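Below: the structure, in structure tokens.
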Number of protein chains: 2
Amino acid sequence: MVTIYDIAKACGFSPTTVSKALNGYSDVKEKTRRLIKQTADEMGYYPNSQAKALIKRKAWNIGVLFQDGENIGITHPLFAEILESFKKVAESHGYDVTFISNKIGDTRLSYLGHCKYRQVDGLVIACTDFYSDEINELLDSDLPIIAIDYSDERVSCVTTDSMAGMTLLYDHLYDLGHRDIVYLHGELTYITLDRIKALKKAAEKRGESFNDEQLIEAKYYSVKTGYSVMKELLQRDERPTAVMVCDDFTALGAINASIDSGLSIPEDISIVGYDGIQISQLLRPRVTTVKQDAEKMGALAAEKLVRLIEQKDEERETLVMLPSIIIGDSCKNKE
Amino acid sequence: MVTIYDIAKACGFSPTTVSKALNGYSDVKEKTRRLIKQTADEMGYYPNSQAKALIKRKAWNIGVLFQDGENIGITHPLFAEILESFKKVAESHGYDVTFISNKIGDTRLSYLGHCKYRQVDGLVIACTDFYSDEINELLDSDLPIIAIDYSDERVSCVTTDSMAGMTLLYDHLYDLGHRDIVYLHGELTYITLDRIKALKKAAEKRGESFNDEQLIEAKYYSVKTGYSVMKELLQRDERPTAVMVCDDFTALGAINASIDSGLSIPEDISIVGYDGIQISQLLRPRVTTVKQDAEKMGALAAEKLVRLIEQKDEERETLVMLPSIIIGDSCKNKE
DNA sequence: AAGTAAATCGAAATCGATTTCGAAATAATA
DNA sequence: TATTATTTCGAAATCGATTTCGATTTACTT
């Protein structure tokens, strides 16, 4: 491994001068700077990020914490889209991205412990469940944090307006004539409760009501659960004319269950999803859904987090994005 | 930030003893060890990975390099499945996982430069194109590396047997009576050439031949390209009875193109994919495809890489996995 | 030529750990 | 009790950088 000491020896200057030359200090003669830079290149020198981080107290590293109910991690389509975009922007600002787990080797470590150990400069959290002690420990810490799809007074957040999203979908179904609607919601997390509340309000605005009997619990990003819950629903004496599902993946399960039950979509039953992940528009029928702009969410999250890290007076903020509706082929007028 | 110096001061021992107590050295009295551990807990101490890495010359960090033609990164379904599994196993061995890009801030940095800078202990590479100078620089370096879906004398690899995979698919179509088959292959990378060669052999074994006119270039994991290439193909005077596609995603494009052209699958044309990603079995029609066991590939890759890092006499090795065929609903007997 | 200002360089301290080796304290033995 | 062996501890060097501040050299003025 080539260090500044090696370079110093090779060209007869002190390590101090080498460091200064490579970091653009003004008190280095242009000629020596050239010499030092050249020999550094020739010797294949790369600064050691550890040594740098130790003295500068900055690791140029951002942690990522993903935790979903189904434990699918990075294969979660929405999270993956957000992370990919987040990563690109973070990298353009000079930060690397490292996954944060709650163990290191065989010993369990809290998430906060892991962050402190790895000395990440900031953290992005995307969880389906924000209510665990470990997450709260993070939210209470002074680590710069940006949370995805959540809202909390303690940290900055990037989220999509539930009211807008649920209203877009409900109104669409309402305008198609549907009154008998069921919502297959996800695990009862913050965001789920928020969406249910929004849904009820959206119904009220149209002079309807959305009752608890119209709610059925499914799981986020679980095709399997979407399938089984929908199967059960279809065995009832009276089936709804339209079904809203918590996300596009689970909606796919519901669609498959309908097809396997001999129904065709949208002729026999209308189904809408949520999130607008890429695959949702590649399926047949194309799912009618609400698009969360994952790319923009990831980019905004990264920009905000970088500001939180680099500017000490940057304040916490909840960035609420407005969703848009994607009209697919999974809904039809109720005749 | 709490350091061993703080702990030392707090309980009247030297930093040396604190370090030893926390690291299980035998020359520390049991009573002092307890005292030190307790105050470390109370003060919320976490070791600083940078300082540790600097002196121990080991970062407990593994780099991930993803590079695909479409630049979809982490949203690549197969890569995501492999990485998720890789990550879990790597973490269980105590390693964190960090993405490696080729820039740090606004200055471009070679991949190898980035690895040296971040001092990763090893690297996992999944690329569609292994032929760039930067990748070769990595393969020639002495960094422990595991490559996914590639084969190279310089590094260890985890790959799936192309011959077996292509034969499974070809034989399946052959047995269904198909003779007029087209292969929509991916970009002409190592693995693509390998598969084409395998396909030709598979045909020969059945007394047939697979000619270059039966090959059409598409792109990996590009639904769009699959769609457009298939559209073009269907405008020919005579369309094939079966189409093999380089992956399940691109196959989805081909399926959609067929449907939009008024064909139904598998009645009018049979289509097979490759990889067996999860979504492929959730679509209707379910795609007939060859399954690369992504979870196992990721796990094996991690285990091998950890061994390469930790055992100096561990030798390079190419782990070839046997694929299996998944019979879906996208193929039918040629009448 | 002398004095001042500016440019150029390097010694040493520092970041937070680990590890060697010697010193001191305690225990074991003669 | 004196001697030896064993525990227990800590001073100091080290990893690879950065940064302060003083020293030296060079350039500029009069």
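Below, each value reflects all heavy atoms present in this structure, side chains not excepted, and no hydrogens, waters or symmetry copies. As the structure is a computational prediction, the values presented were derived from the model and not from experiment. Lettering follows sequence order; numbering is per chain, from 1.
- Taking atom OH of residue Tyr25(A) and atom P of nucleotide dC21(D), one finds them 12 Å apart after rounding to whole Å.
- Side chain Thr16(B) to base dA11(D): a donor-acceptor pair is found below 3.5 Å.
- Rounded to an integer number of Å, the gap from Tyr117(A) OH to dA17(C) P is 11 Å.
- Contact annotation: Thr32(B) reaches the phosphate of dC9(D) (side-chain N/O to OP1 or OP2, under 4.0 Å).
- Rounded to whole Å, the distance from NZ on Lys31(B) to C1' on dC9(D) is 14 Å.
- For dC9(C), neither phosphate oxygen OP1 nor OP2 lies less than 4.0 angstrom from any side-chain nitrogen or oxygen of Thr17(A).
- Within the 4.0 angstrom heavy-atom criterion, base atoms lie near Ser19(A).
- If you measure from atom CG of Asp27(B) to atom P of dT19(C), you get 12 Å, rounded to the nearest angstrom.
- To the nearest angstrom, C1' of dA17(D) lies 17 Å from NZ of Lys116(B).
- Using a 4.0 Å cutoff on non-hydrogen atoms, the parts of residues 43-59 of chain A near DNA chain C are Leu54(A), Ile55(A), Arg57(A), ordered by number.
- As a whole-Å value, the separation of Asp6(A) CG from dA17(D) C1' is 13 Å.
- Which of dC9(D), dA11(C), dG16(D) sits closest to the side chain of Ser14(A) comes down to dA11(C).
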### Message
Working note: Phe130(B) + Tyr190(B), criterion ring-ring contact (aromatic ring centres under 6.0 Å, His included); need CA distance, chi angles, decisive distance, verdict.
### Response
CA-CA 8 Å; Phe130(B) 272 86; Tyr190(B) 167 83; 8.2 Å; no
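- The NZ atom of Lys29(B) sits 14 Å away from the C1' atom of dT6(D) (whole-angstrom rounding).
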### Task
List the steps, then state whether salt bridge (charged side-chain N to carboxylate O under 4.0 Å, His left out) holds for Lys88(B) with Glu91(B).
CA-CA 5 Å; Lys88(B) 279 181 183 146; Glu91(B) 282 169 354; over 6 Å; no
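- Considering every non-hydrogen atom in both Thr160(A) and Val320(A), the closest pair reads C-CG1, 4.3 Å.
- Sequence order on DNA chain D of the closest nucleotides to Lys20(A) and Ile4(A) puts Ile4(A) first from the 5' end.
- Between the side chains of Ser110(A) and Arg108(A), no donor-acceptor pair is found at a separation under 3.5 Å.
- At distances below 3.5 Å, at least one donor-acceptor pair connects side-chain atoms of Ser85(B) with backbone N or O atoms of Glu295(B).
- Between the side chain of Arg316(A) and the main chain of Glu153(A), a donor-acceptor pair closer than 3.5 Å is present.
- Within the 3.5 Å criterion, the main-chain N or O of Leu35(B) finds a donor-acceptor partner in the side chain of Thr39(B).
- Atom CG of Leu22(A) is separated from atom C1' of dA17(D) by 11 Å (rounded to the nearest Å).
- Comparing Tyr5(B) and Met1(A), the nucleotide of DNA chain D nearest to each residue sits closer to the 5' end for Tyr5(B).
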